[in-house]
Amino acid sequence: MEALLAQSINLFAAVLLVLAFAMIAQRRILTLIHLFTLQGASLVAATLVVAYLTGQHHLYYSAVITFVLKVVLIPILLHRVIQRLNVRWDVETLFNIPTTMLIGIVLVIFAFNLAAPIASLSASIAHGTLGIALACVLLSFLMMIVRAKAVPQVIGFLSMENGLFFAATAATSGMPMIVELGIAFDVLVGILILGVFMFQIREQFDSLDIRHLEKLKDE
Amino acid sequence: MEALLLVLTIPLVGGLLLAIWGDRPVGQDLNAAVSLLTLLAAGWLTSDIIRDGPLLVWGEWFFVDALNVFLVTLTAFVGFTTSLFSRPYMRVERDHGKMTPGRMRLFHSMYQLFNGMMLVALTTNNLGILWVAMEAATLTTVLLVSVYRTAASLEAAWKYFILCGVGIAQALFGTILLYMAAERAIGGGDSALLWTHLAAAKHLLDPGILSLAFVFLLLGYGTKVGLVPVHNWLPDAHAEGPTPISAVLSGLLLNVALYAVLRCKVLADGSLQNGLPGQMMIGFGLITVVTAAFFLSRQRDVKRMFAYSSIEHMGLMTFAFGIGGPVANFAGLLHMTVHALIKSAIFFAVGHAAQKAGSQLMDDIRGLLKVSPTVGWGLMLGSLAILGMPPFGVFASEFLILTTAMREVPWATPFLLVALGVAFAAIFSRVQPMVFGETSMRPLAHPPALLPVFIHLGLGLMLGLYIPPYLNDWYVQAARMIAGG
């Protein structure tokens, strides 16, 4: 049973990575939010399994915080934002998905190489997944770079936070509680500010296209 | 201990009060009063530290030593003078219809919270809380950068949020790796991220993990410092936000971010023992100085130009701390102080000048000496000071940095000299017609607050001629601490 559960951590990590790839390729904003919610859910599942196997109570709290924040609160906020902004059914034209995917694969290999020498030093039972966590962070980066609309960029930002939370469970036995609370608070305030922001951008430009936000340049 | 409590609570309480009364006419005075109280508390804290030595309180969660107490005082001081400057400045902005009562309230409240968060970041002993406070300080200023709601300011704020968010996420990854190394060396738990514990066991930390962690921490906090190539947010945020915010971003936030890098460098140095962190900082610093110097000459917006000048100086400090050793660290700390003072003074003068001209474009600002000689002289003297003319303090610190560089990393000296020369030519040729020359600008409705400008310039001058013994002791102690002694 224990061995099976330990294996399931790898499974959830793999799901996290696959979802990160899926988000890069997803054109529809609504589906993107669903994918993000799923990613949060698999993060919660992975944290719960680690908590059960190691018997560390603070990881349960961490899982609860992640659940409330990443699976309930933020998706609800995002749904409300896209409803109010009327971009629910928006489809974004993406630049060359296959190329982006290939760059993504290169990033994953890079992340695994970077993490390989230090992953074995970790005290966590999930240490094998440090490479996956780093890969998720880098893939979210890539997503923020290739997206031209505000909402997908924000989702990329949040998905990067997911990768970081997973890294904390993979590399360590969970960050100290107070730090985790602080990070969660910052993420929540950040998403609220971004929400306000999207309305301001919309009011100003009549669109949520980030390409309007490329006027400031050094001539 | 009581002093530290006051330093941390006054700005936070002030922020809450101003969230209620910030839009009243009394809001501006209240803002200045809160900042003055913070400064007094910081002074009290400083005298305690000078008398009793480092302070480690509240379950070791807060730690004040020679390095951060001087930054606490500097932060409180520039925070106070900027609040004085913002009184007439914001009144003019309100008359021009750029600030509504709601925006005034936001401005005042967030200004205090921003100061409070920087003070938390400076005094906390926990590297995780340091991260949280840095992120919170960014969040408080995002809405201030976009407070005018123009297209350009929204773009600047969006960039600021996203780029700094990405940067700070890397710093978080670095912090996680640091915690991982700490778990192996000193066991996990709440105390494993306390800087004092890590510093005591720094030679036990795994070098492999620490080198990777430091790369992420340097890149992450380096985004906030404004290091090239992750500096893009900085000129936009400085140019489009209200000028008091430009002054505190340049004078304070960048310093606090560099402080975070320094704390991490001490740990990485202790673990690696091979000078790699220093070499990385030398590399980043040098690229930053050179790139910023060449961008300077291409600017047309006055606040953008001085933002690039800030990038250049932050690069110079990073370079100095990268060389390490007591002298270079001393020079870096001195440069941090004088840059904060003089750059904020310049922004005060530039703010009034831009209000008079009704434009931030340097071509529109002409003949300041004719309209208001004090603003003109403030800008002229400030520019000369920031360009490293003697007898101002920047000359002393740049001279120290250059001479140490000649001894330690001779190959870097020509690059530095060329960059400083280019920066001089760029800024001086721009400032001269702005100060002298013919003009058609009108005087302002409210008399500008020039006291802060000249207090800052006076202090910058003093530091160039004479460093008081206790301040000298401070710098020496802090420099030794950063050097790992």
Side-chain angles (χ1 to χ4, degrees), chain A residues 56 58 114-115 117-118 121-124 127 130 133-134 137 140-141 144-145 150 153-154 156-157 160-161 163-165 167-168 170-183 185-187 189-190 192-194 196-198 200-201 203-205 210 212-219, chain B residues 61 126-129 131-136 138-140 142-143 146 149-159 161-162 165-166 168-170 172-173 175-177 179-184 187-193 206 208-209 211-213 232 235-236 239-240 295 298-300 304 308:
Chain A
Q56 281 170 319
H58 70 116
L114 206 59
I118 59 163
L121 299 175
S122 162
S124 162
H127 61 78
L130 183 59
L134 186 55
V137 174
S140 314
F141 255 159
M144 288 174 73
I145 294 168
Q153 253 194 1
V154 169
F157 181 76
M160 188 166 64
E161 296 279 342
L164 286 169
F165 265 79
T172 69
S173 50
M175 297 292 272
M177 203 57 217
I178 179 86
V179 177
E180 214 155 297
L181 279 175
I183 296 169
F185 177 72
D186 276 350
V187 171
V189 175
L192 289 175
I193 290 179
L194 276 172
V196 174
F197 231 34
M198 282 192 249
Q200 292 183 359
I201 292 175
E203 195 183 323
Q204 184 73 35
F205 301 103
I210 301 293
H212 293 292
L213 300 182
E214 285 169 6
K215 299 276 170 3
L216 289 176
K217 285 211 176 93
D218 298 304
E219 56 272 10
Chain B
W61 281 76
N126 187 317
L127 290 172
I129 301 296
W131 185 91
V132 171
M134 281 296 295
E135 173 71 354
T138 315
L139 292 176
T140 53
V142 166
L143 287 179
S146 70
R149 306 276 171 87
T150 57
S153 71
L154 277 175
E155 175 183 345
W158 183 262
K159 261 193 198 169
F161 188 100
I162 293 290
V166 169
I168 203 95
Q170 302 188 43
L172 180 59
F173 192 72
T175 311
I176 290 170
L177 289 177
Y179 184 63
M180 171 179 168
E183 266 190 335
R184 276 174 62 80
D190 279 350
S191 63
L193 267 178
D206 183 86
I209 304 179
S211 54
L212 191 61
N232 292 45
D236 296 344
E240 302 306 330
F295 268 108
R298 296 165 60 185
Q299 303 308 316
R300 296 172 59 226
R304 269 186 100 78
Y308 271 104

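Just so it is clear: chains get the letters A, B, ... in the order the sequence lines come, proteins before strands, and each one is counted from 1.
Of all the listed residues (B:Glu135, B:Arg149, B:Glu240), the one sharing the greatest number of non-hydrogen pairs under 4.5 Å with chain A is B:Arg149. Contacts with chain A were tallied for B:Gly208, B:Gly128, B:Ala151; B:Ala151 has the most, counting heavy-atom pairs under 4.5 Å. When each of A:Leu134, A:Thr172, A:Val196 is checked for heavy-atom pairs under 4.5 Å with chain B, A:Thr172 comes out on top. Chain B forms more heavy-atom pairs under 4.5 Å with one residue of A:Pro117, A:Ser140, A:Ala150 than with any other, namely A:Ala150. For the set A:Leu130, A:Val189, A:Ile118, A:Val154, the count of heavy-atom pairs under 4.5 angstrom toward chain B peaks at A:Ile118. Counting heavy-atom pairs under 4.5 Å between each of A:Glu161, A:Glu180, A:Gln153 and chain B puts A:Gln153 at the top. Considering only heavy-atom pairs separated by less than 4.5 Å from chain A, the leading option among B:Asn126, B:Leu127, B:Leu172, B:Val142 is B:Leu172.
A:Phe157 and B:Val166 get closest at one heavy-atom pair: CE1-N, 4.1 Å. For the residue pair A:Gly190 and B:Leu139, the shortest heavy atom distance occurs at CA-CD2, 3.8 Å. Minimum heavy-atom separation, B:Ile162 to A:Met144: CG2-CE, 3.4 Å. Nearest approach of B:Ala182 to B:Ala192, heavy atoms of both residues: CB-O, 3.5 Å.
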Give the C-alpha distance, both sets of side-chain angles, the deciding distance and a yes or no for side-chain contact (heavy atoms from CB on, under 4.5 Å) between B:Thr150 and A:Gln204. CA-CA 7 Å; B:Thr150 57; A:Gln204 184 73 35; 5.6 Å; no

Mind running side-chain contact (heavy atoms from CB on, under 4.5 Å) on A:Ile183 and A:Val179 for me, showing each step along the way? CA-CA 6 Å; A:Ile183 296 169; A:Val179 177; 3.9 Å; yes

Test side-chain contact (heavy atoms from CB on, under 4.5 Å) on B:Thr175 and A:Met175 and set out the steps. CA-CA 10 Å; B:Thr175 311; A:Met175 297 292 272; 4.3 Å; yes

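B:Trp131 places a side-chain N or O within 3.5 Å of a backbone atom of B:Ile168 that can act as its donor or acceptor partner.
For B:Leu193, the part sitting under 4.5 Å from any heavy atom of chain A is the side chain, from C-beta outward, and nothing else. Contact of B:Asn232 with chain A is not made at all, since no heavy-atom distance falls under 4.5 Å. Using a 4.5 Å cut-off between heavy atoms, B:Thr138 does not touch chain A at all. Both the backbone and the side chain of B:Leu154 come within less than 4.5 Å of a heavy atom of chain A. Proximity to chain A involves both the backbone and the side chain of B:Ile209, based on heavy atoms less than 4.5 angstrom apart. When heavy atoms are compared at a cutoff of 4.5 Å, B:Ala156 approaches chain A by way of both its backbone and its side chain. If you measure heavy-atom distances from A:Phe185 to chain B, you find no contacts under 4.5 Å at all. Both the backbone and the side chain of B:Ala157 come within less than 4.5 Å of a heavy atom of chain A.
Using a 30° and 60° split on the angle between ring planes, B:Tyr308 and B:Phe295 fall in the parallel class, below 30°.
A:Pro176 places a side-chain heavy atom less than 4.5 Å from the side chain of B:Tyr179.
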